[in-house]
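First comes the structure, then the notes that go with it.
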Amino acid sequence: MQVNENFEPVIVAFCCNWCSYAGADLSGTNRLNYPANVKIIRVPCSCRVNPMFILRAFQRGADGVIICGCHPGDCHYTSGNYFTRRRITLLYSMLDFLGIERNRTRLEWVSAAEGAKFAAVMNQFVEDVKKLGPNRRLEDLRCRKQ
Amino acid sequence: MLKISASNLNALFDRIAEKQTLYIPVDREPNVSEYKKYESGMTMSKALNTVRSAKDFFFPQTENLAEFKVSGKTIEVKDIRKENEDFVVFGVRACDARSFGILDKVFLSEPVDSFYKNRREHGTIVTMACTRPAETCFCTTFGIDPTVPGGDVSVFFDGENYFFLDNTPKGEAFVASVSDMLEDGDASKLAEVQENTRNIMKKLPLSGLSTDSFGGERLMEHFNSDKWAELSESCFGCGTCTFVCPTCQCYDIRDFDTGNGIKRFRCWDSCMYSDFTKMAHGNSRNSQLERFRQRFMHKLVYFPANNNGEFGCVGCGRCLSKCPISMNIVKVMKALEDK
Amino acid sequence: MQEAMIKRAKELLADGTVNRVMGWKKGEFAYDTTPAVFETAEEIDRDFIYNDFTQANQSKYLIKESRKEGKILALLKPCDTYSFNQLVKEHRIIRENVYVIGIPGGPKIDIEKIKAKGITGITNVKNEDYTLKIETIYGVETMPFYEAVSVKCESCKSKKHVVYDELIGEGGDILDSNRFDMVEKLENMTSQERYDFWRGELSRCIRCNACRNVCPACTCENCVFDNPKSGIDQKAAADSFEENMFHIIRAFHVAGRCTDCGECSRVCPQNIPLHLLNRKFIKDINCLYGEYQAGADTTSKAPLTDYRTDDCEPSVVHERGAE
Amino acid sequence: MQRIGVFVCHCGTNIAATVDVKAVAEALSHEPGVVVSQDYQYMCSESGQELVKNAIKEHGLTGVVICSCSPRMHENTFRKAAASAGLNPYLVEIANIREQCSWIHKNIASATDKAVILGKAAVAKVHLNAPLTAGESPVVKRALVIGGGIAGIQTALDIAEAGFDVDIVEKEPTIGGKMAQIDKTFPTLDCAACILTPKMVEASQNERITIHSFSEVSDVKGFVGNFTVTIKKKARYVDETKCTGCGLCTEKCPMKKVPNEFNMGLDNRTAVYIPFAQAVPKVATIDPNYCMMLKNGKCGVCSKVCSVGAIDYKQTDRFIEQKYGAIVVATGFNPIKLDKYDEFAYSCCPDVVTSLELERLMNAAGPNGGTLLRPSDKTHPHTIVFVQCVGSRCDDEKGKPYCSKICCMYTAKHAMLIREKYPDTEVYVFYIDVRTPGKNFDEFYRRAVEQYNVHYIKGMVGKVTPKADGKIDVQASDLLSNEQLHINADMVVLAAAIEPDKTARPLATMLTTQMDTNDFFTEAHPKLRPVESATAGIFLSGACQGPKDIPETVAQASAAAAKAIGLLCKNSITCNPCVAHSDELMCNGCSACEKVCPYGAITYQDKEFRMPDRSTAIRRVASVNPAVCQGCGACTVACPSGAMDLNGFSNSQIMAEVDAICK
């Protein structure tokens with residue numbers, strides 16, 4: 001596929017407060033670079049991420065959405081990320097079923113100690129989304145930037 | 001009368017479409033038709049009527065009214081109205097053709113709805129006389145003759161040729177614009193076809209339905225009828241009847257925040273919905289009974305009361321076939337008149 | 001069958017077991033039937049009908065009806081019993097207030113399928129040994145019964161009544177249905193093909209809410225799409241996104257709760273195969289988290305309120321074959 | 001109209017080097033609602049905070065956005081500053097432009113752009129922030145300990161020592177638990193009774209401790225600081241307050257053929273009984289399954305001999321209700337039942353015993369007065385085979401997947417004690433691995449091998465077959481020398497796996513605490529909160545959380561006590577205000593939220609509502625207990641109607657952030 005070098009995707013990352021947000025902080029503390037396309041929204045737990053939020057992001061112009069939470073078994077709230085895993089798996093599967101490109105969505109487990117993983121995941125994700133180009137299948141034309 | 005043979009109909013369509021947008025009913029599935037923008041090679045549907053009515057052409061389901069550009073703390077209002085382009089809708093049935101008259105009474109009376117007016121002025125309605133009505137048809141109840149379908153141009157089919165009769169100056173202009181493709185023809189067979197159709201209409205199961213019991217005079221009697229509870233009992237409050245109805249004209253106006261500004265749009269609303277006419281104080285009709293009653297009272301009582309006895313229903317029968325629970329205006333009329 | 005149901009309903013009314021009967025009422029035509037509540041034997045004698053066209057799932061009405069004074073008789077087809085059970089499980093139906101008689105189910109006929117043959121002016125439809133004899137004002141037409149079977153009955157999942165107080169006729173079994181065939185077919189398409197397919201279907205949506213309002217799983221006091229506070233309320237699909245959004249969120253909200261009764265597709269005036277979205281979730285749940293049939297019982301944990309520590313990762317979606 | 005203040009921190013050069021802070025402040029000043037937008041060298045410094053406080057007062061701010069380091073660093077700092085200036089602390093939002101912006105990006109233009117967007121998102125969110133007040137919930141200054149084994153006793157003693165009332169609920173007639181049945185303890189070989197019974201007495205004599213023996217928890221309601229527990233005091237047919245424990249009734253009771261559970265059924269007791277001499281409370285209990293008076297109304301001997309009139313055949317179960325601030329679970333363990341292990345002939349051969357049975361056989365208060373004799377013929381065994389890991393580390397469903405942890409050490413103890421007392425006895429131990437982590441544990445095991453010549457054989461016992469001559473054939477493999485062995489044994493001792501007590505699961509349901517698949521209670525965090533359950537106010541003591549030896553159990557018991565004391569010390573608990581709440585008008589009562597709540601914070605009630613159509617209806621609606629909710633938000637997504645929302649992270653707030661980021 002043709003990659004548009006000038007395409008700067010909008011990436012929304014939902015990070016749980018206890019692991020992944022802290023992991024993102026750690027990658028900052030360790031000065032590990034990842035693209036500025038990624039904007040993080042802090043949520044208490046990955047299980048707070050409602051499918052509505054993900055669709056909303058695509059509607060408003062996001063080109064990729066990634067959810068990060070504690071590793072299974074390490075959830076601050078003991079079971080939140082297990083629910084996340086089921087919900088998000090099903091949602092992503094449905095988006096795929098509707099023909100939305102799979103690589104626009106991702107779920108990753110990043111612990112508070114995994115600053116390097118956070119940066120690596122974001123680098124990879126941004127690259128994958130760049131390859132896909134702008135989100136056209138799940139955008140709201142009314143929201144497209146003029 | 002001017003005519004074109006059935007085999008040349010598509011050539012006519014091609015010609016019309018050269019100059020303006022043409023919409024014709026086409027089959028989506030066997031005998032399930034919808035209006036489509038004509039593209040060369042499309043075949044006009046033989047189904048009696050489209051699933052959705054033709055009101056969309058003048059009163060679309062959603063329509064942007066204005067835009068507000070927001071940057072920082074400033075708001076700029078943008079008038080997005082623009083003159084529509086001319087278009088032709090071909091194959092409208094008598095019932096739908098009548099529905100435009102009803103919509104006109106709403107949108108073209110003061111204050112005039114400029115969006116509607118704009119579309120109306122630019123649209124030419126070419127109707128098609130019915131020859132094979134369905135059991136759900138009851139247009140004759142409302143004084144409609146499906147064999148004389150009205151619109152700007154009426155088209156009649158005698159089995160071989162389509163005959164054109166212009167009813168309005170706009171219709172006249174339309175016929176003139178394609179007259180080189182038309183030829184004079186013998187319309188003698190038409191009367192027979194029409195008579196035949198009228199006879200079928202008399203045999204239809206709903207042919208005996210009458211509006212005698214309805215109209216503005218009997219407002220309180222019908223409003224207070226004890227039949228509404230039973231009639232509305234199984235209504236789910238969906239908007240199917242209103243959305244397939246050619247005369248339902250209620251809408252809501254909403255603002256959509258695009259992130260960069262606001263788009264103000266209107267969209268169809270349904271009096272069957274629980275949030276219909278919701279205001280700061282709440283809803284004016286809080287039970288499904290009241291909402292259900294509103295819809296039928298509007299069509300059968302309020303509308304004629306305000307419009308010289310004209311009813312807000314054209315008997316197209318769409319709600320009869322599409323209601324998920326098969327509750328419809330015919331059942332309501334029969335229940336209320338049975339006094 | 002209709003006679004047996006009427007007889008039993010009248011007995012239960014007479015002996016005071018119930019004070020109302022939920023059934024179907026005759027309509028204007030041979031094929032239109034309306035769910036209705038009967039209060040007297042006379043009403044039943046006059047209007048009660050049960051035939052090849054009584055498709056409507058009555059479970060949802062019982063939410064309201066089971067909260068009224070006295071017990072109501074519900075005549076439930078096998079598929080309806082699943083919806084009923086699910087609603088009992090979600091505390092929406094008060095079980096004690098409903099007397100359930102399991103009645104034989106379909107296959108039911110969809111009049112639209114008859115009309116799609118170009119048959120019109122229908123005055124009567126008779127099932128003569130699985131050949132439909134359709135009387136019309138234009139003459140008599142015939143067609144094979146199976147060609148008119150409604151979509152929801154074509155891939156019937158079960159003839160078993162999962163809840164009842166008594167049965168009329170015989171109970172049946174869970175069937176080995178082919179209901180996931182179309183989902184599978186779509187799964188095997190490319191992403192672009194699937195996208196085109198669904199755009200074609202969902203772009204017809206007129207947001208009449210029939211699918212939602214008929215759905216026995218959609219029983220919210222106030223749907224998020226009607227609630228301005230939800231931030232996603234919408235009255236009409238003003239953009240293709242909103243068409244997708246409505247159907248994705250609706251399917252998601254009923255995921256693990258949808259019994260696959262097929263009412264959504266039955267009532268869609270635009271013939272959108274909405275049940276495929278629900279079936280996709282059901283298929284995924286079955287494949288990924290173990291077989292689960294919503295409504296089969298009132299005690300099991302629903303797949304989305306449950307988890308296993310060794311559940312698969314969402315990457316299964318990304319790793320599934322080529323896009 | 002909102003009046004929002006934006007404060008952009010330079011963080012020295014940490015932010016300012018890559019983000020044009022002045023441009024960020026300028027850009028955000030144009031956002032709707034923003035009335036002041038400033039930048040400053042160090043916003044977290046005293047003078048930086050002053051800047052914020054003054055702006056709040058001067059501009060009457062209704063919301064504050066700080067663009068600075070991670071909220072994990074200074075969110076509290078700025079919240080406190082806002083509060084001191086009279087602004088609700090939850091009207092402060094942080095845009096993380098250091099860790100998540102300036103430190104990871106090199107390009108000033110793109111880092112600045114991103115900082116502006118993060119700032120806009122925070123402004124959009126703060127528009128929707130609601131002032132939140134942390135609720136207070138009073139703490140009942142009384143603790144409940146469920147289980148009266150060494151764990152429960154230790155926890156209760158520690159809590160009482162700290163000055164709080166504590167109740168022990170024990171299902172058996174006496175406290176003491178498993179440790180009371182043990183003969184000696186490893187690795188010191190001191191007598192278990194000698195160290196346990198003084199503790200039992202101490203507990204009974206402590207004024208702050210109430211022991212409900214022969215009792216069970218039948219219902220738990222409430223939440224941290226305020227549990228209401230119903231305790232079922234089972235009928236023991238003896239008035240506890242009158243019985244002096246003289247034991248005359250037990251001597252005179254004619255029904256003497258009741259299997260003695262304290263001695264693992266190896267001998268008998270009477271129908272009216274005191275489990276063992278040092279029982280606490282030392283009160284007789286009548287076993288209704290055997291008492292002839294209770295069964296058919298004929299006997300009444302105990303009643304006649306009791307000089308204080310304590311016998312009461314008409315006693316029934318009594319229920320008492322008590323309020324507690326904290327609950328400690330100490331339900332302990334049991335060895336698994338071995339009836340499925342036919343290969344070890346446990347069910348058919350009396351000389352194949354479990355380790356706990358061996359404890360009783362060797363105990364001075366046991367069936368044989370401390371002399372080790374074969375149960376079958378009361379002869380002295382000369383060859384004893386120990387089988388390790390019976391049901392532990394098992395893949396099949398007969399056993400348990402985990403290591404029971406204590407078996408290696410007690411087997412070494414048994415082997416050593418036998419060799420010490422009966423040097424003519426050969427002792428074989430078949431093991432998979434010998435696991436001896438623990439202070440002086442490996443030394444202890446090596447003594448068994450080196451000093452006491454216990455034959456440790458790495459290998460599996462395949463089959464145990466009782467022979468006609470009374471001997472037992474033990475067929476085994478020696479994995480190290482790779483040969484098949486047959487040992488002609490007199491006794492076989494099986495180290496049965498241990499499992500949580502059967503009462504644990506129903507209890508966990510009542511307490512809304514979590515359990516793993518093996519029915520061990522799950523701790524709130526495996527490393528950092530090992531003695532707390534995820535449910536606030538419920539603590540875990542001893543083997544109910546996982547297999548443990550005595551010192552570990554006692555350590556954890558004291559730790560659980562310390563946690564409970566920490567809670568009881570408070571007059572009230574400050575609740576996290578960022579909790580879920582349910583909009584009752586929208587709630588369907590479907591229970592989806594309740595099912596995903598890990599804390600049991602959601603309950604349902606039937607409430608009367610005035611409906612939109614002016615009728616009244618009784619509706620089942622969810623309500624969240626803010627003292628119990630921890631604010632994860634799982635319920636908000638489980639709820640299809642959107643009735644559940646989360647303070648501080650509401651649907652509209654998160655969507656406002658999404659919108660701001662995407663536009």
Side-chain angles (χ1 to χ4, degrees), chain A residues 1 46-47 50-62 66-67 69 71-75 78-109 125 128 131-132 135-144, chain C residues 183 186-187 189-199 201-202 224 230-232 238-242 244-249 251-253 255-256 276-285 287-289 303-323:
Chain A
M1 195 186 288
S46 58
C47 72
N50 196 312
M52 281 178 352
F53 305 159
I54 298 168
L55 296 183
R56 177 79 159 211
F58 284 123
Q59 177 184 27
R60 299 295 161 138
I66 180 165
I67 298 167
H71 284 268
D74 292 346
C75 176
T78 63
S79 53
N81 53 3
Y82 289 128
F83 292 120
T84 309
R85 189 162 58 178
R86 283 201 171 187
R87 291 167 183 167
I88 300 302
T89 303
L90 290 180
L91 178 76
Y92 286 178
S93 179
M94 178 54 80
L95 293 180
D96 178 47
F97 189 61
L98 290 170
I100 313 303
E101 304 92 333
R102 293 169 189 172
N103 285 343
R104 293 200 189 279
T105 53
R106 191 158 301 171
L107 178 112
E108 287 285 345
W109 311 122
F125 188 55
D128 289 349
K131 274 185 209 152
L132 290 174
N135 162 35
R136 290 286 174 256
R137 293 184 187 173
L138 202 54
E139 75 164 340
D140 192 322
L141 281 172
R142 296 170 298 176
C143 301
R144 197 186 274 192
Chain C
V183 174
L186 283 162
E187 284 171 347
M189 291 180 178
T190 66
S191 175
Q192 182 69 49
E193 285 167 344
R194 278 197 299 271
Y195 177 74
D196 294 340
F197 172 84
W198 282 111
R199 255 333 29 248
E201 296 294 339
L202 295 178
V224 288
S230 74
I232 59 162
D239 187 273
S240 64
F241 172 84
E242 288 191 332
N244 290 336
M245 168 89 158
F246 176 76
H247 293 290
I248 296 171
I249 293 291
F252 188 82
H253 279 179
L276 293 179
L277 296 176
N278 301 320
R279 281 195 185 156
K280 168 64 179 166
F281 273 136
I282 295 170
K283 183 168 179 282
D284 276 351
I285 286 168
C287 294
L288 302 175
Y289 309 124
L304 276 173
T305 58
D306 196 13
Y307 62 85
R308 284 173 52 110
T309 52
D310 58 351
D311 278 338
C312 62
E313 297 293 331
S315 52
V316 294
V317 177
H318 298 87
E319 287 152 9
R320 246 188 330 225
E323 269 202 57

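The sequence lines fix the lettering, A, B, ..., with proteins before strands; numbering per chain opens at 1.
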Between [options], who has the most heavy-atom pairs with chain C when the cutoff is under 4.5 Å?
options                      : answer
A:P51, A:S79, A:P72          : A:P51
A:L91, A:L138, A:L107, A:L90 : A:L90
A:E139, A:R56, A:M52, A:M94  : A:M94

[X] side chain to [Y] backbone, donor-acceptor under 3.5 Å:
X      : Y      : result
A:S46  : A:G69  : no
C:S191 : A:G99  : yes
A:R85  : C:T309 : yes

What residue, out of [options], has the most heavy-atom pairs lying under 4.5 Å from chain A?
options                        : result
C:S315, C:S240, C:C312         : C:C312
C:A255, C:A251, C:P303         : C:P303
C:L202, C:V183, C:V224         : C:V183
C:E201, C:R199, C:R308, C:M245 : C:R308
C:D196, C:D284, C:L276, C:I285 : C:D284

Task: Spacing of A:T89 atom OG1 and A:R87 atom CZ [to the nearest 0.5 Å] - done: 11.5 Å

So which part of [X] gets closer than 4.5 Å to some heavy atom of chain A, the side chain, the backbone, both or neither?
X      : result
C:E193 : neither
C:D311 : both
C:I248 : side chain
C:V316 : side chain
C:L277 : both
C:S230 : backbone

Task: Whether C:Y307 and A:F83 hold their rings parallel, tilted or perpendicular, with breakpoints at 30° and 60° - done: perpendicular

Taking [X] first and then [Y], would you say they form a salt bridge - that is, a charged N and a carboxylate O separated by under 4.0 Å?
X      : Y      : value
C:E187 : C:K283 : yes
A:D128 : A:R106 : yes
C:E319 : A:R102 : no

Open item on the list: Less than 4.5 Å apart, side chain to side chain, heavy atoms only: is that true for A:T105 and C:H318?
Closed with: yes

